[in-house]
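Protein chains get the first letters and strands the later ones, always in sequence-line order, with residue 1 at the start of each. Side-chain atoms are counted along with the backbone in the values below, which use heavy atoms only and exclude waters and symmetry mates.
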Amino acid sequence: MSRSSSRGGVPPPFALSTETLNGVLVVHVSGELDLGHADRLAAALEAEPTGEEGGRRVAIDMHEVAFIDSTGVRALLQAKRRTEDAGGVLALVAPSAAVLRVLQLSELTDALNVIDAVDAEEMARLQGP
Amino acid sequence: MPAALVTLEIARGAPVEVLRRVIGAAGAGADLPVDRIEDGLLLGELLARWAASADHVRVEVVGGERAIEVVVGPLSEEDHAGLVTALGLDADDSPTAAIVDEIRRDGTGGERRLRLAIWDGAVSNGGDRAGLPQTTDRHEQLPDQPWTDDRRPSSVSIRLPATAESLPVVRQALTGAAEDLGLATEVLDDVKIAVSEACNNAVVHAYPDGATGVIEVEIWTEPRRLLVEVRDWGVGMAPRSVDRVTGLGLGFSLMASLAEEVTLSRGGGEATVVRLGFATDAPPMTPNASAAGGRTD
């Protein structure tokens, strides 16, 4: 056969999981954060304890997000606003090229705190005094 | 509603890799095991190779809970015979028989159809077949919009339910087209974003609550350009674009910044048409040029 069946051929599967690292709630997202999956982010954040006094620190690990659209971006903005309204802080960790592209086009790279790695100290700095 | 329900119209010279990708996406949507999805991709590959030399091909792909079904046709007697030969169905060591669980031939004369089903392992081994999705049910599931007469030569059109589950299928179709056309990854990534936004808009806003709607995506090329049209038959664009509550603005601004052309119009059959044009350094659509017999239209 001229074409190999081992080439890609299916959409990257969506997965979302959470863990707590040094007091930071880390949300790992992979696959396509699109219209069909964007509401999973809010649901995951709601399912976790809201944190201690002063609000929780949330890091969304975006390095395995293969695709994001405006509904995914809107879900991120909404999650950030809700976290901040409760006195917390939310950052995006290591967004993939696909995510960075959309954030840059939407001029939201600064609005959504982008950091390189889950770093409790940096998140505390973002949260302010 | 099955996880995937896609109708493809493939004109001669259109990028046939779309077919393989759509079948793969349907298999993934049907939660088939990896080896059965691989079989689906192989079937897509065999069909795509045949489609590249056929004049005009219609294929329906249905993905359900535990199975996918692929229906090719209606076919003329001659095309049907060509497909049977291409799939080796009359041969003792048919490559198709090794990957497909069921093959049915329907119809007579110029209305022949070939139905090919791939099931998950439990069904293949004699498990319960009740409730397996069948494309014969599709007319009960989706309104059958007439195909427009003004589709472009050498284009591929896919028609899907206006649901969120259709969006990964659309992106796979675009990826397949990009593979055939030799598009750069960066171009494909931008096309996927912009077309997704156009489809999102149709899925979320075109059809009133509860109505089952259809979206259609047509893909073709012009010199140094890739064109994609997204059509729906729901509420027109004007009332949608003023809907501030759901924040359509971000999706529109992404389309505008990624495509060199964004046009909204009213098409045949009262369709709302979003046309997106992308600059590309790929040559005009000449995939499988040798198979297409050197036609130059």
Colleague: What are the two closest heavy atoms between Leu254(B) and Ser106(A), and how far apart are they?
Modeller: CD2-OG, 3.8 Å
Colleague: Asp34(A) and Arg171(B): side chain to side chain contact (heavy atoms under 4.5 Å, CB included), yes or no, with the steps?
Modeller: CA-CA 11 Å; Asp34(A) 71 347; Arg171(B) 287 190 287 271; 2.5 Å; yes
Colleague: Measure the CG-CG distance between Leu250(B) and Leu77(A) for me, rounded to the nearest 0.5 Å.
Modeller: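 So the gap between those two atoms works out to 7.5 Å.
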Colleague: In terms of heavy-atom pairs under 4.5 Å with chain A, which of Leu167(B), Thr175(B), Asp190(B) leads?
Modeller: Asp190(B)
Colleague: Quick one: closest heavy-atom pair of Leu41(B) and Gly9(A), and the distance?
Modeller: CD2-O, 3.7 Å
Colleague: Other residues, nucleotides and ligands only: do more than 12 of their heavy atoms fall within 6.0 Å of CG on Asp85(A)?
Modeller: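 Yes - once you tally the heavy atoms of other residues, nucleotides and ligands closer than 6.0 Å, there are more than 12.
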Colleague: I need the Asn200(B) CG to Asp69(A) CG distance, nearest 0.5 Å.
Modeller: 4.5 Å
Colleague: Could you tell me the separation between the CD atom of Glu32(A) and the OG atom of Ser196(B), rounded to the nearest 0.5 Å?
Modeller: 7.5 Å
Colleague: Going from CG on Leu35(A) to OG on Ser166(B), what distance comes out if it is rounded to the nearest 0.5 angstrom?
Modeller: 10.5 Å
Colleague: Apply the test side chain to side chain contact (heavy atoms under 4.5 Å, CB included) to residues Arg101(A) and Leu258(B): give CA-CA distance (whole Å), side-chain angles for both, the deciding distance (0.1 Å), then the verdict.
Modeller: CA-CA 10 Å; Arg101(A) 175 82 172 137; Leu258(B) 289 167; 3.6 Å; yes
Colleague: Please classify the contact of Val22(B) with chain A as side chain, backbone, both or neither, using a heavy-atom distance under 4.5 Å.
Modeller: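 Looking at Val22(B), nothing touches chain A.
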Colleague: Does the side chain to side chain contact (heavy atoms under 4.5 Å, CB included) test come out yes or no for Phe67(A) and Ile193(B), once each step is laid out?
Modeller: CA-CA 8 Å; Phe67(A) 176 85; Ile193(B) 298 165; 3.9 Å; yes
Colleague: Would one find more than 12 heavy atoms of other residues, nucleotides or ligands at under 6.0 Å from atom CG of Asp35(B)?
Modeller: yes
Colleague: What are the two closest heavy atoms between Pro11(A) and Ala28(B), and how far apart are they?
Modeller: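 Minimum heavy-atom contact is CD-CB, 4.1 Å.
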